2 protein chains.
Amino acid sequence: MNTAGTAPRRATIRTVAQAAGVSTATVSYVLSGRSGNTESSGVSSETELRVREAALGLGYRPNQAARAIRTGKSNLMMLSLTMLSDPWSLSVSKAVGSAVADAGITPMILADTDWRTAIRRQGADVVFIDAADGEGDAELLAELALSNRLVVFSETLEPNGFDVVRSMAGKSMEQAMDHLTASHSTVGCLTSAPSRKAPRQGRYGAYVRGLERAGLELREDHVATFDGDEFSAYEAAVTLLDQPDPPTAIFATSDFVAIAAIHAAQRLRLDVPGDVAVVGVGNTLQGEAMAPSLTSVGPAGFFDGLARFLVDRAHDPAAAVQVLEFPWQLFVRDSAPAVS
Amino acid sequence: MNTAGTAPRRATIRTVAQAAGVSTATVSYVLSGRSGNTESSGVSSETELRVREAALGLGYRPNQAARAIRTGKSNLMMLSLTMLSDPWSLSVSKAVGSAVADAGITPMILADTDWRTAIRRQGADVVFIDAADGEGDAELLAELALSNRLVVFSETLEPNGFDVVRSMAGKSMEQAMDHLTASHSTVGCLTSAPSRKAPRQGRYGAYVRGLERAGLELREDHVATFDGDEFSAYEAAVTLLDQPDPPTAIFATSDFVAIAAIHAAQRLRLDVPGDVAVVGVGNTLQGEAMAPSLTSVGPAGFFDGLARFLVDRAHDPAAAVQVLEFPWQLFVRDSAPAVS
DNA sequence: ATGAAAGCGCTAACAT
DNA sequence: ATGTTAGCGCTTTCAT
């Protein structure tokens with residue numbers, strides 16, 4: 001924990017105790033708040049004052065590792081966010097940042113890192129995992145849940161020692177597609193590469209069925225796939241739009257692709273929504289705040305709700321496991337307005 | 001650290017020792033790698049195997065808090081990043097992510113959080129602070145440096161118990177302005193609100209002097225200010241461009257405003273660089289990868305260099321304090337190409 | 001109202 | 001080659 005040259009040994013609880021002429025126990029009482037106004041347990045306000053002054057004078061800082069080993073609490077919240085530049089991740093981070101304000105807990109982000117290994121290295125009172133899909137993840141999570149309070153974001157996983165946060169798409173994807181097909185006869189899709197393999201499932205499935213409902217044909221040249229990062233998303237959007245017969249509307253399977261698509265369209269001198277309408281999925285803050293604001297389907301109050309839940313769990317890691325569901329809806333904004 | 005319902009007491013080093021029929025010391029030796037192939041200190045490979053099997057079978061995980069209290073090492077790197085959505089921050093995060101790959105250290109991001117309070121709560125082997133300007137920060141940092149290895153990014157601070165990372169703009173800002181004034185007679189500026197107060201200093205100062213060198217007048221309507229977030233930056237760019245007599249080039253004081261400016265221009269159906277050229281400051285990955293790629297002035301190899309430095313410090317927190325300087329240069333790319 | 005003392009899980013001398 | 005043991009800084013009974 002220390003330092004260059006001659007290390008001025010950090011003050012411990014014992015140093016403080018000596019300086020204040022009391023025992024370490026008393027110092028601990030005072031400094032961990034067991035001496036408040038309530039009559040709970042008593043340290044006279046004189047000694048309390050002396051202790052506080054000594055601590056201040058010595059620049060005493062409690063050693064969190066030592067505290068953690070005794071109490072089993074780290075006051076840490078860990079957020080594993082897979083793609084940090086995704087507005088979804090940024091929205092989570094921002095919401096959590098506000099929620100923990102005075103809760104005495106510190107949120108740390110594990111970015112683009114493998115939570116599978118990182119979690120065993122560093123514990124936290126609660127850890128949020130934004131993506132768990134892989135094969136054996138269910139078992140692994142169950143195992144990790146033995147020693148960490150886990151909150152997992154997943155549409156498919158069932159709670160098993162860990163909480164599951166789920167956003168229930170329900171009928172809202174259908175709504176989104178119907179919203180587009182109501183005024184467009186060509187609707188394109190931007191989706192992640194793997195999703196094409198399951199053409200009846202998930203977000204891409206919603207696209208396919210939406211076309212069917214509207215009696216529109218599924219055109220290969222109106223579907224573009226990307227993998228992972230935002231540049232790939234941008235390129236996919238260009239592929240879709242910079243062709244002889246581009247779609248006049250785009251169903252993007254996440255806000256972050258949708259935002260890339262809008263930028264791509266504008267670069268191609270296309271007006272959004274005039275020349276091409278865009279809807280995203282996720283209802284992120286960035287989508288809402290951009291210009292034109294992004295029409296998106298997603299859960300209402302999701303980020304704040306999630307943040308509150310995480311703070312709750314951090315405070316009470318022993319609470320019963322539960323699944324937290326956020327119903328979705330369609331948020332019609334400027335990038336794909338309602339037809340008049 | 002644990003859990004809902006009946007907590008299956010987590011295995012400790014002692015549990016493992018019993019199961020393997022050895023002492024805790026032996027377990028510790030094996031599990032913290034003091035039994036390698038070298039003849040350093042010896043644990044027979046049979047016992048090593050037995051220990052490893054026992055540990056595996058019991059699902060043993062070393063308690064990091066306990067380890068930290070003994071060794072004083074947390075294997076943690078803390079990155080305090082003030083505006084997480086800024087490509088600069090994302091570039092830092094990404095570079096660090098690669099650098100720590102097999103270094104056994106976990107990078108945690110403190111996002112938009114006040115490092116002043118957070119650091120005292122949670123220690124780390126090395127903590128990077130991306131912005132320290134405020135009044136008393138110099139003293140505070142010196143104090144925090146007593147108990148943490150600090151690496152501070154600052155143009156002005158002097159090392160004082162903490163390392164300073166500095167990117168030496170040198171003549172490169174002048175270059176950037178000259179690059180623009182060589183082919184443009186109207187150059188606008190996007191800068192942060194407070195910078196206007198010091199019209200001869202910093203990045204805004206470089207703009208002012210650049211105009212002077214070229215014999216161009218400083219026009220109030222060609223300077224727009226923003227504060228903080230990206231939406232404000234976007235608005236400022238629109239203000240600058242959506243007027244009767246907009247500039248044909250923009251000097252943006254950071255990549256993130258520059259990127260917002262390009263998006264704003266494209267939305268206004270302006271071609272970049274045809275109708276308006278843009279240069280940024282920072283030379284971030286996002287700027288480099290976008291379309292059109294962003295001409296920017298900034299340090300070469302900065303992010304990777306910084307990441308390596310941080311990993312070094314994490315491994316050897318007692319190394320002598322130093323200042324790390326990255327010379328800047330102008331990276332001419334598509335958003336403001338060279339004149340032919 | 002305060003203090004003595006027993007550990008939490010782990011590592012590192014120092015034995016053997 | 002392996003075991004004993006003394007703590008790291010802190011919290012928390014249990015005495016006083």
Side-chain angles (χ1 to χ4, degrees), chain A residues 1-2 7 9-18 20-51 54-55 58-75 120-123 147, chain B residues 1-2 7 9-18 20-51 54-55 58-75 120-123 147:
Chain A
M1 200 64 89
N2 213 314
R9 197 140 189 67
R10 183 166 172 162
T12 80
I13 203 176
R14 196 136 45 229
T15 332
V16 177
Q18 267 157 5
V22 296
S23 77
T24 64
T26 306
V27 175
S28 177
Y29 283 147
V30 171
L31 266 30
S32 35
R34 215 162 317 306
S35 67
N37 33 25
T38 30
E39 81 276 44
S40 48
S41 48
V43 175
S44 76
S45 44
E46 311 172 40
T47 45
E48 168 166 359
L49 194 67
R50 247 181 328 151
V51 169
L58 291 161
Y60 167 77
R61 298 290 145 209
N63 178 324
Q64 292 300 342
R67 182 171 282 183
I69 204 185
R70 273 309 330 225
T71 60
K73 294 216 61 171
S74 61
N75 295 321
R120 347 195 85 144
R121 282 223 283 262
Q122 175 64 27
S147 39
Chain B
M1 201 65 87
N2 211 315
R9 197 143 188 65
R10 183 166 173 160
T12 81
I13 204 177
R14 196 137 44 229
T15 333
V16 177
Q18 267 157 4
V22 296
S23 77
T24 64
T26 306
V27 175
S28 177
Y29 283 147
V30 171
L31 266 32
S32 33
R34 216 162 316 307
S35 67
N37 33 25
T38 30
E39 81 277 41
S40 48
S41 49
V43 174
S44 78
S45 44
E46 313 172 38
T47 44
E48 169 166 0
L49 194 67
R50 250 183 326 155
V51 169
L58 291 162
Y60 168 77
R61 296 291 144 208
N63 178 324
Q64 292 300 342
R67 184 172 280 185
I69 204 186
R70 243 357 291 255
T71 61
K73 295 216 63 174
S74 61
N75 295 321
R120 347 196 84 143
R121 282 222 282 262
Q122 175 65 25
S147 38

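Source: prediction; values computed, not measured. Residue numbering restarts at 1 for every chain, and letters A, B, ... go by the order of the sequence lines.
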Gap between atoms CG and P, on A:Leu49 and C:dA1 respectively (whole Å)
16 Å

If you round to the nearest 0.5 Å, how far is OG1 of B:Thr26 from CG of B:Leu31?
11.0 Å

Where A:Thr24 and A:Arg14 come nearest, the two heavy atoms and their spacing
CG2-CA, 4.1 Å

To the closest 0.5 Å, what do you measure between OG (B:Ser44) and CZ (B:Arg50)?
7.0 Å

I need a per-nucleotide contact map over nucleotides 9-16 of chain D, read 5' to 3'. Cutoff is protein heavy atoms under 4.0 Å; write B for the base, S for backbone only, - otherwise.
BBBBBB--

Do B:Thr71 side-chain atoms and B:Arg67 backbone N/O form a donor-acceptor pair below 3.5 Å?
yes

Value rounded to 0.5 Å, distance of CD1 in B:Ile69 from CG in A:Asn63:
5.5 Å

